[in-house]
There are 2 protein chains.
Amino acid sequence: MALRHAVLAALLDGELSGYQLAKAFDVGVANFWYAQPQQLYAELTRLEKEGLVAGREVVQESRPNKRLFHVTDPGLAELETFTAASAKPAVVRDDLLVKVQAAERVDTDALVAQLTERAQVARAKIDLFGTLLRRLRGDRTEEDFLRHGDRIGPYLTCLRGVAFEQENHDWCVRTVAILEERRQAHARH
Amino acid sequence: MALRHAVLAALLDGELSGYQLAKAFDVGVANFWYAQPQQLYAELTRLEKEGLVAGREVVQESRPNKRLFHVTDPGLAELETFTAASAKPAVVRDDLLVKVQAAERVDTDALVAQLTERAQVARAKIDLFGTLLRRLRGDRTEEDFLRHGDRIGPYLTCLRGVAFEQENHDWCVRTVAILEERRQAHARH
DNA sequence: ATTGAGTAGTCATTTTTATGACTATCATGG
DNA sequence: CCATGATAGTCATAAAAATGACTACTCAAT
């Protein structure tokens, strides 16, 4: 039951509708939590029922009405309790790594293709997070922002996102190089 | 349904009992997949029923008998199919990052404590993986092993584990430093 | 005039994962 | 002699997450 805390944390930076929240989970939040829109809508409903978030209807011209949610005081208290509890180690689950574990017992072409694709995705994410970081810190330097800015949480998680994707990218590229080299060495026999 | 593939990939390096598999999922495999022993036993049962793995009873003196499992040809084919299918992006889910996202709206002490603990865990894992890597490559250099070794899959995933934990560690340490500095700056007012 | 994309959201069901509670045996330390 | 921890598992159930199939409205392009 930690999706709820991810939602609460995401809502700290301003009111969001379920739809906007889903967008957020597609970009920045995806750094540390992944969820489908349906899950988010369901979770928002539960959170509202428990009084941890509150929503207000916003009537819109020219597009469907929406409900904007914000975290309530009990919601903040819940986040506080959650933070105080010890974090269970992060679960890592990556199909691609499973495939690499089986490297050379399975088709190398498919593996190389997927590693290449993953490297590209990582690169795209690095760019995306870079843009996000610039937007978050405005015209300040990173150092200045981290010292005196007021909402550094999202910036910090985004920094980790960049580092993670950079590492991911480099590893994919290196792994492809190794597999290709071995393939060529093998072909010479 | 990818736990099954993680199990198959883990069994490529030799016969394992459910118990040994659980141990493997606690160390090396934990790099890219996490599962409870109970899940593994259940999955092995299913895999055996479908003929993707086969087990043989090993009668032991002085301790309970065990069943050693190995991947069958249909199992290898299944892994092949799995590898050919495009990998869905890895799901990331980390409680600690959720907490950092909420940084400064929640108790900083608790956050710093958990980041510090996480950094220590990361350091321990780096050491563990280092040992594992040395064991895998034997007396060869890394370069030599990656070029000519025969089972490089586990080595490659382990390399990523090291890089990941290193990045994790560094980020935790930096984040702690930033939070501490801000706290001191705040205290001076 | 219709199709496709974007906004905004709901419902029901299945699949996967996680948890708690168990059964055994053997070896070791105190 | 008893407790603890390692080995080697099983069963049932609860919780979480993923999936598929929907409803509506608007705008822009074909």
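Reminder, nothing fancy here: chain letters follow the sequence lines and each chain counts from 1. If you're wondering where the values come from, they're calculated on a predicted model, not measured in any experiment.
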Please indicate whether B:Glu57 has more than 12 foreign heavy atoms, meaning atoms of other residues, nucleotides or ligands, lying under 6.0 Å from its CD.
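Yes, because the 6.0 Å sphere around CD of B:Glu57 holds more than 12 heavy atoms from other groups.
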In this structure, how many angstroms lie between the [atom2] atom of [N] and the [atom1] atom of [X], rounded?
| X | N | atom1 | atom2 | result |
| --- | --- | --- | --- | --- |
| B:Lys66 | D:dT10 | NZ | C1' | 19 Å |
| A:Gln39 | D:dA18 | CD | C1' | 6 Å |
| A:Tyr34 | D:dA18 | OH | P | 6 Å |
| B:Phe69 | D:dG9 | CZ | C1' | 10 Å |
| B:Leu40 | D:dA8 | CG | P | 15 Å |
| B:Tyr41 | C:dT16 | OH | P | 22 Å |
| A:Arg63 | D:dC27 | CZ | P | 8 Å |
| A:Gln36 | C:dC11 | CD | C1' | 15 Å |

Within the modelled atom types, does a donor on one side and an acceptor on the other bring the side chain of B:Gln38 and the base of C:dG20 under 3.5 Å apart?
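Indeed, a donor on one side and an acceptor on the other fall under 3.5 Å apart.
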So, do A:Leu179 and B:Ile152 sit near enough that their side-chain heavy atoms are less than 4.5 Å apart?
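Yes, side chains in contact.
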Can you work out whether A:Glu43 or B:Ala42 has the more 5'-proximal nearest nucleotide on DNA chain D?
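Of the two residues, B:Ala42 wins.
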Identify, between B:Asn65 and A:Ala2, the residue whose nearest nucleotide on DNA chain D lies closer to the 5' end.
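Result: B:Asn65.
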Taking only side-chain N and O atoms of [X], does any of them lie within less than 4.0 angstrom of OP1 or OP2 on [N]?
| X | N | answer |
| --- | --- | --- |
| A:Ser17 | C:dG9 | yes |
| A:Lys23 | C:dG6 | no |
| A:Gln60 | C:dT7 | no |
| A:Tyr19 | C:dT7 | yes |

Let me know which of B:Val71, B:Leu12, B:Leu11 forms a side-chain contact (heavy atoms from CB on, under 4.5 Å) with B:Leu79.
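In the set B:Val71, B:Leu12, B:Leu11, the residue that makes a side-chain contact (heavy atoms from CB on, under 4.5 Å) with B:Leu79 is B:Leu12.
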Please pick, from C:dG6, D:dG9, D:dA17, the nucleotide with the shortest atom-to-atom distance to any side-chain atom of B:Arg93.
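From the listed options, D:dA17 comes nearest.
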Is the shortest distance from a Lys or Arg side-chain nitrogen in A:Arg4 or A:Glu78 to a carboxylate oxygen in the other one below 4.0 Å?
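No salt bridge links A:Arg4 with A:Glu78.
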Using 4.0 Å as the upper bound for N to carboxylate O, is an ion pair formed by A:Glu181 and B:Arg147?
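The answer is yes: the pair qualifies as a salt bridge.
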Does A:Pro64 or A:Pro37 map to a spot on DNA chain C nearer the 5' end, using the closest nucleotide for each?
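This one resolves to A:Pro64.
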